[in-house]
Amino acid sequence: MVVAHAGVVAFNIGAFVSSLFLLEFGADKFIAHTSIVAARIKISEVIIGLVTAGAEWEELAVVVGSLAQGRSSLALGNVIGAAISNILGAFSLGLLFYGQGEVVGFDRSSRIYSLLLLVLTTAVTPLVYWSAAITWLAGGIVLIAAFVVYFLLIAVAIGKGVLTAPADSDSDSDDDDDDDDDDANSVSSRTTLLNDGTTARQSRRRHGLGYHALYLVSGFLAICLAGYILSQAATNITDELGMSDILFSVVILAIATTLPEKFIAVMSGSRGHPGILVANCAGSNIFLLSLCCGIIMVGTRGALDKGTVTIAELSVLWLSTVAFTATVWFGGSYARWIGVAMLASYVAFIILEFTVIHAI
């Protein structure tokens with residue numbers, strides 16, 4: 001019986017890891033080719049940027065997959081854990097890898113995005129804690145509506161030049177600014193931060209609209225499949241090990257699904273792009289705490305299957321967001337020290353999750 005259980009755990013761990021690769025492959029294909037198709041059919045670049053920038057399609061797939069499996073606690077834990085990880089894990093690494101001795105200069109757009117995130121987090125934190133049916137239904141509808149309003153307001157602000165378009169792990173790279181090809185403005189920075197974009201631009205010129213549309217659909221199907229497998233594997237692992245859904249999703253699942261954000265944070269920090277670093281965090285968390293959290297609230301109406309996140313986890317989320325906003329507004333001169341403190345705090349948080357908050 002023990003051997004059989006060990007085999008089940010090993011199989012599901014393998015499925016979990018494999019589905020992460022499929023999830024990232026699907027997300028990259030979906031985002032990159034959505035941008036190209038939209039550019040080809042002359043949709044506004046602002047709309048393209050907002051659809052791709054800061055949109056955590058991987059997390060949304062896991063949320064939907066978990067809800068479909070009847071594991072709403074897994075979905076909520078992943079959202080809160082990913083939001084914490086984006087700040088204390090990814091943003092901190094970007095600060096640490098920023099140029100030695102350089103003062104990090106955050107622009108006006110970065111400050112506005114960080115302030116928007118703080119306001120949203122302050123509103124969502126008590127809403128998540130008080131999980132009454134009516135409160136969550138109404139709150140979920142408001143959060144989804146707020147995401148739509150955010151989308152429209154940011155589009156207008158960017159169109160008027162008040163803000164610059166967010167450019168995070170799913171958006172454009174500065175490397176393409178001087179390219180006169182319209183499609184070049186739609187490249188995912190997950191690709192362009194790894195190369196100079198020349199090969200990708202040549203490839204796009206060789207292929208027609210149908211080719212990119214096919215990859216768009218394939219990427220979307222890969223996201224759906226990976227989200228289902230990932231949530232099912234996570235469910236099986238937690239059941240076999242007797243682990244709390246919240247613990248597994250807040251720590252392990254959240255770290256796994258935010259690996260791309262950590263990589264992009266390191267790359268943007270080391271290359272001196274603080275705007276990308278902020279948008280990678282703020283844009284992702286706004287998406288998570290508005291759309292993803294709203295879907296969970298509407299779908300469950302407070303009836304979570306395996307418990308909810310604790311006040312300690314929500315406190316860490318809010319305090320880390322305060323630290324993030326304060327850093328963007330006032331902490332550019334001390335960015336590296338702040339990065340060290342944030343990363344140390346994240347390690348301490350993970351240890352406390354296992355030893356105190358959700359002690360097994």
Side-chain angles (χ1 to χ4, degrees), residues 20 23-24 26-28 30-31 34 49-64 75-95 106 109-110 112-121 124-125 143-144 146-147 150-151 154 163-173 188-190 193 223 227 249-250 253-269 273-296 316-318 320-321 323-325 327-328 342 346:
L20 286 175
L23 191 64
E24 291 309 313
D28 278 342
F30 174 73
I31 292 166
T34 294
L50 286 174
V51 168
T52 58
E56 291 287 331
W57 301 110
E58 305 97 320
E59 304 290 353
L60 182 59
V62 174
V63 165
V64 173
L76 181 62
N78 182 51
V79 167
I80 301 302
I84 294 172
S85 186
N86 281 336
I87 298 176
L88 298 183
F91 183 69
S92 65
L93 288 174
L95 296 179
F106 298 107
S109 294
S110 297
I112 293 175
Y113 286 130
S114 67
L115 190 59
L116 283 175
L117 176 59
L118 179 58
V119 171
L120 176 62
T121 306
V124 169
T125 299
L143 286 177
I144 295 173
F147 175 78
Y150 158 78
F151 183 97
I154 294 296
L163 296 175
T164 56
D168 72 339
S169 61
D170 300 331
S171 64
D172 302 346
S173 167
S188 166
S189 69
R190 284 181 181 169
L193 282 173
I223 291 174
S249 57
V250 166
L253 187 57
I255 291 175
T257 55
T258 57
L259 286 176
E261 281 66 38
K262 293 177 178 62
F263 175 74
I264 295 301
V266 170
M267 296 298 291
S268 58
H273 296 293
I276 296 178
L277 180 60
V278 171
N280 180 50
C281 178
S284 297
N285 279 16
I286 289 173
F287 186 91
L288 286 168
L289 298 178
S290 58
L291 182 60
C292 291
C293 212
I295 290 173
I296 294 172
V316 170
L317 171 62
W318 187 79
S320 63
T321 306
F324 167 74
T325 304
T327 300
V328 173
M342 282 186 169
Y346 191 47

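Among residues two or more places apart in sequence or in another chain, the side-chain hydrogen bond (donor to acceptor under 3.5 Å, both in side chains) test is passed with Ser92 by none. The side chain to side chain contact (heavy atoms under 4.5 Å, CB included) check on Ala323 picks up Met342, with sequence neighbours excluded. Applying the side-chain hydrogen bond (donor to acceptor under 3.5 Å, both in side chains) test to Thr125 and every residue at least two apart in sequence or in another chain returns nothing. Thr321 meets the side chain to side chain contact (heavy atoms under 4.5 Å, CB included) test with Ile87, Leu117, Leu118, Thr121, Leu317, Thr325; sequence neighbours excluded. Scored by the ring pair (Phe, Tyr, Trp, His ring centres under 6.0 Å) test, Phe106 finds no partners at all (sequence neighbours excluded). With sequence neighbours excluded, the residues satisfying side chain to side chain contact (heavy atoms under 4.5 Å, CB included) with Val316 are Ile84, Leu88, Phe349.
Counting heavy atoms from C-beta on, the side chains of Phe324 and Asn86 never come closer than 4.5 Å. Counting only heavy atoms from C-beta outward, the side chains of Leu277 and Phe91 approach each other to under 4.5 Å. Side-chain contact check for Tyr150 versus Leu120: every heavy-atom pair is 4.5 Å or farther apart.
Of all the heavy atoms in Ala82 and Ala254, the pair that sits closest is N-CB, 3.4 Å. The two residues Gly77 and Ser249 have their closest heavy-atom pair at CA-OG, 3.1 Å. The two residues Leu289 and Ala83 make their nearest non-hydrogen contact at CD2-CB, 4.4 Å. Val124 and Cys293 get closest at one heavy-atom pair: CG1-SG, 4.1 Å.
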Take Ile255 and Tyr346 through the test side chain to side chain contact (heavy atoms under 4.5 Å, CB included) and record every step on the way to the result.
CA-CA 11 Å; Ile255 291 175; Tyr346 191 47; 3.3 Å; yes
